Protein chains: 2
Amino acid sequence: MAVTLADVAAHAKVSSATVSRVLSGNYPVSEATRTRVLRAVDELDYVLNGPASALAAASSDLVGILVNDIADPFFGIIAGAVQSETGGTAGDEKLSVVCNTGGSAERELTYLTLLQRQRAAAVVLTGGATEGTAGHADAVAAKLARLAAAGTRVVLCGRPPLPVPPEAAGGEPPAATLTFDNRGGAQRLTEHLLSLGHRRIGYVTGPPDRTTTRHRLEGHRAALAAAGLAEPGAGSGSGSGSPGSGSGSGGLGRLTVHGTFDRSSGYDATLELLRREPGLTAVVAANDTIALGACAALRDQGLRIPQDVSVAGFDDLPFSVDAVPALTTVRLPLHAAGARAGRIAMGREAVPPGGVATVRADLMARASTAPPPGR
Amino acid sequence: MAVTLADVAAHAKVSSATVSRVLSGNYPVSEATRTRVLRAVDELDYVLNGPASALAAASSDLVGILVNDIADPFFGIIAGAVQSETGGTAGDEKLSVVCNTGGSAERELTYLTLLQRQRAAAVVLTGGATEGTAGHADAVAAKLARLAAAGTRVVLCGRPPLPVPPEAAGGEPPAATLTFDNRGGAQRLTEHLLSLGHRRIGYVTGPPDRTTTRHRLEGHRAALAAAGLAEPGAGSGSGSGSPGSGSGSGGLGRLTVHGTFDRSSGYDATLELLRREPGLTAVVAANDTIALGACAALRDQGLRIPQDVSVAGFDDLPFSVDAVPALTTVRLPLHAAGARAGRIAMGREAVPPGGVATVRADLMARASTAPPPGR
DNA sequence: CGCTTTGAGGCAAGCGCTTTCCCCCGCTGT
DNA sequence: ACAGCGGGGGAAAGCGCTTGCCTCAAAGCG
């Protein structure tokens with residue numbers, strides 16, 4: 001039905017092999033022939049058959065990007081940056097397949113299989129891995145190893161490195177990893193609050209089964225602990241290896257409330273925090289979106305920011321600087337990290353030594369934090 | 001190198017045809033055989049070769065989504081919604097390929113060709129079509145017609161319908177279209193401001209070569225005109241057919257300033273507006289992001305919102321309700337529209353009669369607009 | 001009881017490309 | 001002038017799957 005290579009070949013009076021060579025460009029073809037072929041391609045309006053090409057060449061030009069939620073600017077920015085490196089650059093353009101996992105390891109696995117099926121050239125995984133469902137995390141790791149073995153480049157961006165498989169401890173890491181310094185950033189943020197004089201600091205976390213959530217909380221607690229303010233009932237940030245222990249909401253201190261990474265949970269959690277500790281002088285949120293909800297809740301309670309209560313977020317999404325007052329937060333260089341991930345995925349940049357690079361997370365002190373009312 | 005169908009067949013002691021039938025499921029296979037095959041698939045860790053399958057079956061399970069900028073929540077939300085319908089639902093899961101066109105018709109064309117090459121099952125185009133580069137718009141339309149002819153479902157979401165090709169005036173429209181009521185929404189928004197008593201209303205538009213920009217501006221002017229306030233030098237919203245006339249920034253009234261769809265252009269444009277007309281009592285922005293920039297600019301000039309100047313946006317992105325004060329805007333049901341586009345793309349929902357459906361745009365009057373200071 | 005119907009599964013022909021061989025032709029070296 | 005050589009181009013063998021067609025056996029029928 002459609003125009004095929006053979007049609008073009010006939011039209012240009014050459015063999016189909018020649019046409020293929022002209023199109024792929026990796027074989028010497030005389031100038032005369034090349035123009036003749038190109039003319040024929042043009043006249044017949046020929047478009048290469050991707051599947052056939054991929055089958056014959058045993059490679060495709062698809063790059064997969066797994067995100068938790070594409071509607072969330074956090075992921076949107078990363079995905080966009082990855083694309084800017086993998087996308088329609090003349091020459092070796094790749095098509096990027098963005099897959100919404102919703103943060104579920106199960107769907108992650110599904111998509112990974114789908115991408116494996118397409119023989120994707122590379123896969124970039126972003127977002128926190130869900131650790132909840134025990135078997136899945138391992139299954140994901142195993143799948144990634146298999147993808148890597150099949151020649152797909154695997155890059156993790158903004159998630160912790162894969163556990164090194166015990167059997168192949170010496171081998172190449174199956175995935176290049178760009179991990180954000182969530183722990184350090186969170187720690188610096190809370191230190192900032194402490195140095196302003198805050199002592200009653202509430203914390204609104206993300207979903208308990210995300211590593212991102214856990215690492216940020218650990219940083220927060222480390223800062224608290226260093227100031228001699230360890231919360232009761234909080235097992236301060238220790239080993240990151242043991243998933244099993246409890247489904248999450250146990251063991252949190254009185255000033256820590258779990259939420260999801262969205263605005264309304266930030267709103268509700270802040271109300272809850274206020275109920276538990278009316279004398280709160282600061283609220284730290286696990287991300288900017290939660291912080292926005294926190295601001296709304298505080299304002300609805302008649303509290304002024306930052307005069308009565310300071311608020312801080314994490315991520316430094318574009319809207320944060322426009323919040324009123326401008327939000328103190330921790331900047332994650334999402335675009336830069338995504339772009340780097342994209343370059344690694346394209347094989348244009350070397351994998352960081354050891355397979356893992358930590359991306360810095362800088363404190364952005366802005367107007368939403370100030371000394372507590374007492375001082 | 002990889003496990004193939006034949007390997008599975010050998011392992012299960014059946015022919016490869018049978019394995020294929022078991023996997024595709026559209027052919028009667030006895031229960032005993034099916035389990036045997038499935039077991040073999042499992043044991044060998046077999047993954048179908050997508051390209052080979054697509055080649056043989058002459059169809060693929062890719063859906064393309066073209067957006068201007070995936071990092072922009074406007075597009076992120078639509079893309080996410082499309083995916084929720086086309087994505088990993090058990091059974092006929094499709095992989096969605098998100099392509100950032102950056103609003104350039106040229107890149108749009110590039111991606112369309114790439115998708116055509118992949119024999120995509122469907123393509124959803126969002127975002128305003130750039131009309132600037134004359135030939136490209138036609139080329140895009142022609143390409144879409146060709147895609148449609150080749151069996152790819154084409155859906156336009158949030159952009160105007162394709163011009164009906166003169167030759168095939170009676171035929172099926174090549175694309176199903178979901179178009180936002182930008183003109184009507186903008187008109188209602190400006191009417192709202194007028195009814196509050198505003199007369200000196202500044203307008204910050206988007207890029208001049210987008211239909212979205214134009215339609216919103218037309219609605220704004222229609223409202224102005226109806227109130228007897230037509231701006232000098234503004235050819236009030238008339239025919240939408242003639243692209244050629246001028247590259248855009250001519251013909252705008254004194255109170256209209258062009259920007260791009262981003263925050264900083266909103267900031268700059270608002271400053272410019274203030275310079276031109278210090279007595280301004282309201283600023284209408286072509287979208288929420290611009291409005292945020294406008295708010296920042298006004299605030300930096302010591303003006304209060306809404307007591308001194310009212311501000312309104314368009315789109316009702318999630319952050320708009322959290323702006324301080326909450327932003328008056330026009331709500332576009334992005335998620336619903338995207339989901340519907342996805343369903344149409346999957347062939348699960350009928351194309352609207354005539355091929356075109358208009359999606360409503362409702363005024364959301366919030367705290368950022370109030371009567372002007374005089375009254 | 002022999003013959004037709006029917007369901008399950010095998011055979012093999014491609015799908016449209018890439019790529020390995022190989023050949024042909026014109027050029028250089030001696 | 002002839003063997004040698006190298007570059008441009010053709011023939012054809014797959015790549016791994018889907019599917020039309022056919023076979024075979026068990027079941028249904030008169």
Side-chain angles (χ1 to χ4, degrees), chain A residues 1-38 40-41 44-62 92 113-114 116-121 150-151, chain B residues 1-38 40-41 44-62 92 113-114 116-121 150-151:
Chain A
M1 200 197 114
V3 180
T4 72
L5 244 207
D7 297 334
V8 177
H11 195 83
K13 302 196 188 311
V14 295
S15 76
S16 60
T18 302
V19 179
S20 173
R21 295 201 257 247
V22 168
L23 295 182
S24 72
N26 44 25
Y27 197 85
V29 171
S30 73
E31 199 45 38
T33 317
R34 121 175 265 92
T35 37
R36 203 143 43 85
V37 168
L38 258 17
V41 165
L44 296 181
D45 210 18
Y46 170 72
V47 174
L48 186 68
N49 183 318
S53 167
L55 172 59
S59 78
S60 85
D61 49 1
L62 248 38
D92 58 347
T113 303
L114 245 29
Q116 185 182 5
R117 175 177 299 186
Q118 297 298 334
R119 303 301 188 254
Chain B
M1 196 198 117
V3 181
T4 73
L5 243 207
D7 298 333
V8 176
H11 195 83
K13 303 196 187 313
V14 294
S15 75
S16 61
T18 303
V19 178
S20 173
R21 284 168 184 145
V22 167
L23 294 180
S24 71
N26 45 25
Y27 197 84
V29 172
S30 74
E31 199 46 38
T33 317
R34 124 176 262 93
T35 37
R36 202 143 44 85
V37 169
L38 258 17
V41 166
L44 296 180
D45 211 17
Y46 171 71
V47 175
L48 186 67
N49 183 318
S53 167
L55 172 58
S59 77
S60 85
D61 50 1
L62 249 39
D92 58 345
T113 302
L114 245 28
Q116 183 181 6
R117 174 178 299 186
Q118 296 298 335
R119 303 303 188 250

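If you're wondering where the values come from, they're calculated on a predicted model, not measured in any experiment. Labels below follow one simple rule: chain letters A, B, ... track the order of the sequence lines, proteins then strands, and each chain is numbered from 1.
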Legend entry - Spacing between B/Leu5 atom CG and D/dT19 atom P, to the nearest angstrom: 12 Å
Inset, instruction - Grab the two heavy atoms, one from A/Tyr46 and one from A/Thr4, that are nearest each other, plus how far apart they are. - result: CE1-C, 3.6 Å
Inset, instruction - Send over the distance from A/Arg36 CZ to D/dG9 P, rounded to a whole Å. - result: 8 Å
Legend entry - Gap between atoms CG and P, on A/Asn26 and C/dC17 respectively (whole Å): 16 Å
Legend entry - A/Asp45 side, atom CG; A/Asp7 side, atom CG - distance, nearest 0.5 Å: 12.5 Å
Legend entry - Residue A/Asn49, side-chain atoms from C-beta onward, closest of D/dG16, D/dT18, C/dG16: C/dG16
Legend entry - Residue that, paired with B/Asn49, satisfies side-chain contact (heavy atoms from CB on, under 4.5 Å) out of A/Gln118, A/Arg119, A/Arg117: A/Arg119
Legend entry - Nearest-angstrom distance from the residue atom CG of A/Leu55 to P of D/dA13: 17 Å
Legend entry - Spacing between A/Glu31 atom CD and D/dG8 atom P, to the nearest angstrom: 11 Å
Inset, instruction - Could you check whether A/Thr33 gets within reach of a base, just the sugar-phosphate, or nothing at all, counting any heavy atom under 4.0 Å? - result: sugar-phosphate
Legend entry - A/Ser53 vs C/dT18: side-chain N/O to OP1/OP2 distance below 4.0 Å: yes
Inset, instruction - Verify the contact: side-chain N or O of A/Ser15 to OP1 or OP2 of D/dG9, cut-off strictly under 4.0 Å; return yes or no. - result: no
Legend entry - Residue pair B/Ala12 / B/Ala40: nearest heavy atoms and the distance that separates them: CB-CB, 3.8 Å
Legend entry - Residue met sooner reading DNA chain D from 5', once B/Ala56 and A/Pro28 are mapped to nucleotides: A/Pro28
Legend entry - Distance in Å, B/Leu114 CG paired with A/Leu62 CG, rounded so as to fall on 0.5 Å steps: 9.0 Å
Legend entry - Qualifying residue for side-chain contact (heavy atoms from CB on, under 4.5 Å) with B/Val14, from B/Val37, B/Val29, B/Val8, B/Val22: B/Val37
Inset, instruction - Return the 5'-most residue of the pair B/Thr18, B/Ala52 with respect to DNA chain C, ranking by each residue's nearest nucleotide. - result: B/Thr18
Legend entry - Options C/dC17, D/dC17, D/dT18, nucleotide nearest the side-chain atoms of B/Ser20: D/dT18
Inset, instruction - Take the protein atom CZ of B/Arg119 and the nucleotide atom P of C/dC15, then report the distance between them rounded to whole Å. - result: 14 Å
Inset, instruction - Whole angstrom is fine here: how far is it from CZ in A/Arg34 over to P in D/dG8? - result: 11 Å
Legend entry - Nearest-neighbour nucleotide for the B/Val29 side chain, C/dG9, D/dG8, D/dG14 considered: C/dG9
Legend entry - Any A/Ser30 side-chain nitrogen or oxygen under 4.0 Å from OP1 or OP2 of D/dG9: yes
Dump the pairs, protein N or O against N or O of nucleotides 20-25 of chain C, anything under 3.5 Å, distances to one decimal.
residue, atom, partner, partner atom, Å
C/dT20, O4, A/Arg21, NH1, 3.2

Inset, instruction - Would you give the length of the straight line joining atom OG1 of B/Thr18 to atom CG of B/Leu23, rounded to the nearest 0.5 angstrom? - result: 10.5 Å
Inset, instruction - Figure out the CG/C1' separation between A/Asp61 and C/dT18, and round it to whole Å. - result: 15 Å
